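Model, not experiment: these values are computed from the prediction. Residue numbers start from 1 in every chain, and the chains themselves are labelled A, B, ... in the order their sequence lines are given, proteins ahead of strands.
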Amino acid sequence: MAESILKVKGIKKYFSTPKGMLHAVDGVDFEMEKGETLGLVGESGCGKSTIGRVILRLLEPTEGEIYFEDKNISQLNKKEMIKLRRDMQIIFQDPFSSLNPRLSVSEIIAEPLIIHNIVKKKNSELEKEVLRLMDLVGLAKRLVNAYPHELDGGRRQRIGIARALALRPKFIVADEPVSALDVSIQAQILNLLQDLQEELGLTYLFITHDLSVVKHISDNIAVMYLGKLVEKAPADELFRNSLHPYTQALLSAIPVPSIKSKRERIILKGEITSPIDPKPGCRFAARCNYAMDRCFKEDPELTEVGNNHHVACFLVEEKANN
Amino acid sequence: MKQRVVIAIALACNPSLLIADEPTTALDVTIQAQVLELMRNLREEFNTAMILITHDLGIVAETCDKVAVMYAGEVIEYATLEQLFENPKHPYTIGLFGSIPSLEHDVERLKPIKGLMPDPTNLPSGCPFHPRCSHAQDICKERKPIVANIEEGHMVKCLIYEGVIEAKEVL
């Protein structure tokens, strides 16, 4: 068994809104091994980005514990957290708003190195390190004094990646890192992320709504629906043998760029229900074709059904018991 | 729901042609499936022709009969759905297919098109795709390709198919 790098236990994050408590993340547990890529998928508003931010403590969890390399980090103070940021970094979705428009490429990449006192400001060592990072992510040297607005989305995302890598982290939350990019650029960035992972032994929590991207890049995939994990399995297993009715509908809804695979499509009724003060019971019950009485009363737990395959559904549980 | 309202507005006057510009790009997949299904049914019911503008080849495969692939302001390949998906010809079209992660086949690494889209105010000379094309030769910088017919209904703009240059590998 490989070394565990991250463990989250019973994470909850509620936001207070005028209409009531918004349950963005409502009791999520998972564990990640060193060097693994865990894909976190779900539709907009299901809480996947919130999880990423809570793990890095960019948001404080309402409840629950986060362990990084067996150390409980949920209670660390600001100073201890700064130290930890060297090991845990994030790549943001929007390469347009996540870069300071007043800083040049080299200043953006150098900023974490200066904040963490790794190199002194304005010396040749810093310059060398910035150029090394630019080279690592495939940014041409001549762009060193360029500003973000002069560059296209793909290059900006490369800056975001270089900045995340500057502190030589072990763990990176990649929050929709390719969603804003065109497919040909998207493919370039995905290849870069995979190369860097091999080279530097990185662990990725890869958050996305794009199921073909997640299958391509992940070892394991967790599917989220309204603040809860509904299914978690190795990537191939999930696509071959999805068990949760939501996962099945989600997978069948992807338009496949091939004319040979004519699949039965499961079209879901309705839209996502509100995450504000949710009623007890399975969050998916209202849209589920198989919902039983029980589904509206009790919360299904995420349980292992073999092969590292976990699912939270009473239907699956009952089938297994019979 | 909002997109349904927009579709209703567009269909209000019973048009014979509907232009749908990225109608589902902002939507989640389960909602996208609902809207595509709705558009398909309405099109059959009212016998409306549709131009669907999209960057998603998956949606093309499920919705369209014919496909025109555009690059830098030009249609560089035009074919029926079957021809384009089974037998893409233009190096750009082939590159697009290589860039999409597949749900059906596992590949270690994607094969992206190198480089970036050209600046539309300063397009490259000759074939606009030549700076990014792995088959490009000197003549591609000078000569603009004209439409070549591959077979009935399948057209492509590339010097390879005019017989001017050789492809570097079998396309």
Side-chain angles (χ1 to χ4, degrees), chain A residues 41-46 138 151-155 178 181-195 198 208-218 225 235-236 239-240 246 249-263 265-272 287, chain B residues 1-2 4 24-38 40-41 54-65 67 71 80-88 92 95-119 132:
Chain A
V41 291
E43 298 179 88
S44 353
C46 72
L151 306 174
D152 59 90
R155 290 216 179 91
V178 295
L181 309 174
D182 276 329
V183 281
S184 65
I185 310 300
Q186 170 177 311
Q188 294 172 0
I189 299 290
L190 287 176
N191 283 353
L192 171 67
L193 288 171
Q194 285 180 303
D195 291 341
E198 269 170 26
T208 181
H209 67 278
D210 187 326
L211 291 145
S212 17
V213 166
V214 88
K215 173 163 192 265
H216 176 72
I217 200 151
S218 310
Y225 189 80
D236 291 338
F239 276 81
R240 215 178 321 119
Y246 175 64
L250 193 66
L251 296 187
S252 85
I254 319 169
V256 176
S258 150
I259 48 171
K260 283 180 197 139
S261 58
K262 286 281 171 249
R263 298 161 309 153
R265 167 164 289 176
I266 309 163
I267 302 242
L268 286 178
K269 303 169 284 189
E271 305 200 13
I272 288 193
R287 294 175 82 191
Chain B
M1 280 309 149
K2 286 180 194 153
R4 282 172 210 263
T24 59
T25 303
L27 307 175
D28 282 316
V29 277
T30 58
I31 309 297
Q32 168 173 291
Q34 292 174 354
V35 171
L36 286 178
E37 174 91 357
L38 173 75
R40 204 170 8 238
N41 292 342
T54 179
H55 67 275
D56 187 330
L57 284 167
I59 294 177
V60 171
E62 293 196 2
T63 320
C64 304
D65 306 310
V67 194
Y71 186 80
T80 66
L81 186 69
E82 286 74 20
Q83 287 165 338
L84 192 92
F85 277 74
E86 307 230 303
N87 197 12
Y92 174 65
L96 272 187
F97 280 108
S99 298
I100 318 169
S102 164
L103 289 172
E104 289 162 338
H105 313 285
D106 287 320
V107 286
E108 271 295 299
R109 288 288 190 274
L110 299 168
K111 295 189 196 71
I113 307 165
K114 62 184 181 186
L116 305 164
M117 281 298 280
D119 175 358
R132 303 177 72 188

Is A:Q186 close to chain B through its backbone or its side chain, or both, or neither, when contacts mean heavy atoms under 4.5 Å?
side chain
Rounded to the nearest 0.5 Å, how far does OG of A:S184 lie from NZ of B:K111?
15.0 Å
To the closest 0.5 Å, what do you measure between CD1 (A:I254) and CG (B:D56)?
10.5 Å
Main-chain N/O of B:S99 paired with A:Q188 side-chain donor or acceptor, under 3.5 Å
no
So does A:L268 get a backbone contact from the side chain of B:Q34, meaning a donor-acceptor N/O pair under 3.5 Å?
yes
Do you know which of A:V214, A:I185, A:D195, A:I217 has the most heavy-atom pairs with chain B at a distance under 4.5 angstrom?
A:D195
Looking at A:L250, A:N191, A:D236, A:L211, which makes the most heavy-atom pairs under 4.5 Å with chain B?
A:N191
Checking B:S102 against chain A: side chain, backbone, both or neither under 4.5 Å from a heavy atom?
backbone
Measuring heavy-atom distances to chain A, does B:E82 have an atom under 4.5 Å in its side chain, in its backbone, in both, or in neither?
both
What are the two closest heavy atoms between [X] and [Y], and how far apart are they?
X: A:K215; Y: B:L103; result: NZ-O, 3.0 Å
X: B:L110; Y: A:H216; result: CG-NE2, 3.5 Å
X: B:G58; Y: A:P255; result: C-CB, 3.2 Å
X: B:A33; Y: A:A253; result: CB-CB, 3.9 Å
X: A:V256; Y: B:A61; result: O-CB, 3.4 Å

Under the side-chain contact (heavy atoms from CB on, under 4.5 Å) rule, what do A:R287 and B:T30 come out as? Steps first, then yes or no, please.
CA-CA 11 Å; A:R287 294 175 82 191; B:T30 58; 3.5 Å; yes
Based on non-hydrogen pairs under 4.5 Å, which of B:E108, B:R109, B:Q32 is most in contact with chain A?
B:R109
Find the one option among B:I100, B:L116, B:L96 whose heavy-atom pairs under 4.5 Å with chain A are most numerous.
B:L116
Given B:V29 and A:H209, is the side-chain contact (heavy atoms from CB on, under 4.5 Å) satisfied, shown in steps?
CA-CA 8 Å; B:V29 277; A:H209 67 278; over 6 Å; no
Name all residues meeting the salt bridge (charged side-chain N to carboxylate O under 4.0 Å, His left out) criterion together with B:R132; count only those two or more places apart in sequence or in a different chain, and write none if there are none.
none
